[in-house]
Amino acid sequence: MSKAIITVVGKDTVGIIARVCTYLAENQINILDISQTIVQDYFNMMMIVDVSAMTKSFGQVSDELDQAGEAIGVKVKIQREEIFTKMHRI
């Protein structure tokens, strides 16, 4: 299994989760864990996903998630789990 971390941050609006999850489903990216919160009108979501079945390149998925986020006014970023883990090692 190949995992990645997706973060979504921005001003809260209707449809953020639906837009991101629809994109993931259409691209065979399975959500393994998800956490989201809203603090004073700011939306924050973190997902751990399985990218082993996706048919597009990691770079293309990253670019398309950026575009999807821009369309709804949030920042969507995806990182490979191993890079995320090394960046956040104490």
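- Atom OG of residue S62 and atom CD of residue Q79 lie 9.0 Å apart, to the nearest 0.5 angstrom.
- Shown here are the side chain to side chain contact (heavy atoms under 4.5 Å, CB included) partners of S57, two or more places apart in sequence or in another chain: Q60.
- Qualifying side-chain hydrogen bond (donor to acceptor under 3.5 Å, both in side chains) partners for D12, counting only residues two or more places apart in sequence or in other chains: none.
- Cluster partners of I34 are I6, V8, I16, I17, V20, Y23, L24, I29, I31, I38, F43, M45, M47, V49, V51, M54, F58, V61, L65, I72, V74, V76, I78, counting Ile, Leu, Val, Met, Phe, Trp and Tyr whose side-chain heavy atoms approach within less than 4.5 Å, directly or via other members.
- For S52, the side-chain hydrogen bond (donor to acceptor under 3.5 Å, both in side chains) partners are D50, not counting sequence neighbours.
- Scanning for salt bridge (Lys or Arg N to Asp or Glu O under 4.0 Å) contacts around K56 gives E64, with sequence neighbours left out.
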_Test side-chain contact (heavy atoms from CB on, under 4.5 Å) on I5 and M46; report intermediate values, then the result._
CA-CA 7 Å; I5 310 299; M46 181 174 172; 3.7 Å; yes
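- Residues passing the salt bridge (Lys or Arg N to Asp or Glu O under 4.0 Å) test with D66, sequence neighbours excluded: K77.
- Applying the salt bridge (Lys or Arg N to Asp or Glu O under 4.0 Å) rule to pairs touching residues 24-47 yields nothing, sequence neighbours excluded.
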